[in-house]
Amino acid sequence: MPELPDVEIYRREAEKAKNSGIESFEIEDKKFIGISESEFNKKLKDERFKETTRRGKYLFLSIGKEKAVVMHFGMTGDLKYLKESEDAPDYTKCSFVFKNKHKLHYISKRKLGHVEFTDNLEDFIEEKELGPDALETNEKEFVSLLKDKKSMAKTALTDQSLISGIGNVYADEILFQSKIHPKQKTTDLSDADFKSLYKNTRKVLEKAIEKEADPSKLPKSYLLPNREEGNDCPRCDGKIKKIKISGRSGYYCPTCQKK
DNA sequence: CATAATGTTTAAGA
DNA sequence: GTCTTAAACATTAT
């Protein structure tokens, strides 16, 4: 589930390919690969990825100051750097082949997500209306972005145009840690609530990265390892409840996350 | 076999 | 017009 921590792990995987000459590009499924063969030849062949950066759930592999390959992982994406001799993973959609006999495989089970090329990274970010990365904001900025929203707390947290990187799963954890009901309106939150949201956003995302974005490796006191309807709340006597918020499922403890 | 799943864009509603 | 919410997208695993 590619949210910010997952994409950060993919970024570290892509780092392994840094500064290797790009030899070719293999497209398995061109439906959602936005780089044609001719564009590759013109703009990427014989170049190298000089820098890998991330903004929210987007990964950028830069070949120059402004030019970059852009990857988004949808709900089921993955990225693997393997030797050329190794088999490409199942559901590989495209692969960059490097002169050092390694390949960077972009994998996705479902067809959400895409790989493309931009001539100007800043313009791309602006066009997508991506808010600042959840780990690159300070408390003041974080609070001012969320404060005036009239939507539910969970909806605001997962709005990529406000703050980018928080998805459906980690939003549940952040709200749990902050003891805030997911349907609580942001206009009803106190200053202490916002402070808590900021602190826990950092805490949860950093911990998740440390655990290689595997929710089951998070501490038992966290919600995510227990994220199932009817499970015991790891903090109080309550039972975990599942609800729908804007068509997505959310899990929380009705006892310690009061409205 | 029906259901739910990580995300974003789109359309619809208020 | 603006802001918020729900549906649609395509596919796989349970």
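Just the heavy atoms: all of them, side chains too, but no hydrogens, waters or symmetry mates, feed the values below.
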With distance as the sole test, does A:Tyr81 use its side chain to make a donor-acceptor pair with the main-chain N or O of A:Arg12 at under 3.5 Å? no
Looking for any heavy atom pair under 4.0 Å, which part of the strands does A:Ser249 touch: base, sugar-phosphate only, or nothing? sugar-phosphate
Where protein sits on nucleotides 8-14 of chain C, one letter per nucleotide: B base, S sugar-phosphate only, - none, heavy atoms under 4.0 Å: -BBBSS-
Could you check how far CG of A:Asp148 sits from P of C:dC3, rounded to whole Å? 11 Å
When the distance from NZ of A:Lys185 to C1' of C:dT4 is rounded to whole Å, what number comes out? 8 Å
Just need the stems in DNA chain B: three or more back-to-back Watson-Crick or G-U pairs, each with both distances under 3.5 angstrom, sorted by first number. B:2-5 with C:11-14, B:7-14 with C:2-9
What integer distance in Å separates A:Lys149:NZ from C:dT5:P? 9 Å
Rounded to whole angstroms, how far apart are NZ on A:Lys244 and P on B:dA4? 6 Å
Assess, by modelled atom type and distance only, whether the side chains of A:Glu28 and A:Thr92 contain a donor and an acceptor separated by less than 3.5 Å. no
Of all heavy-atom pairs linking A:Ile166 and A:Glu3, the shortest is C-OE1, 4.1 Å
Under-4.0 Å side-chain N/O to phosphate OP1/OP2 contact, A:His72 with B:dT8: yes
With a 4.5 Å cut-off on side-chain heavy atoms, are A:His105 and A:Ser95 touching? yes
Send over the distance from A:Glu228 CD to B:dA5 C1', rounded to a whole Å. 14 Å
Mind jotting down which residue pairs meet the ring pair (Phe, Tyr, Trp, His ring centres under 6.0 Å) criterion with at least one end in residues 173-213 of chain A? Sequence neighbours excluded, please. A:Phe142-A:Tyr198, A:His181-A:Tyr252
To check you understand the geometry: which heavy-atom pair defines the closest contact between A:Asn226 and A:Lys220, and what is its length? ND2-O, 3.4 Å
Whole-Å distance between B:dA5 C1' and A:Arg227 CZ? 9 Å
Phosphate oxygens OP1/OP2 of B:dT8: is one of them under 4.0 Å from a side-chain N or O of A:Lys128? no
A:Lys183 side chain near C:dT4 phosphate (N/O to OP1/OP2, under 4.0 Å): no
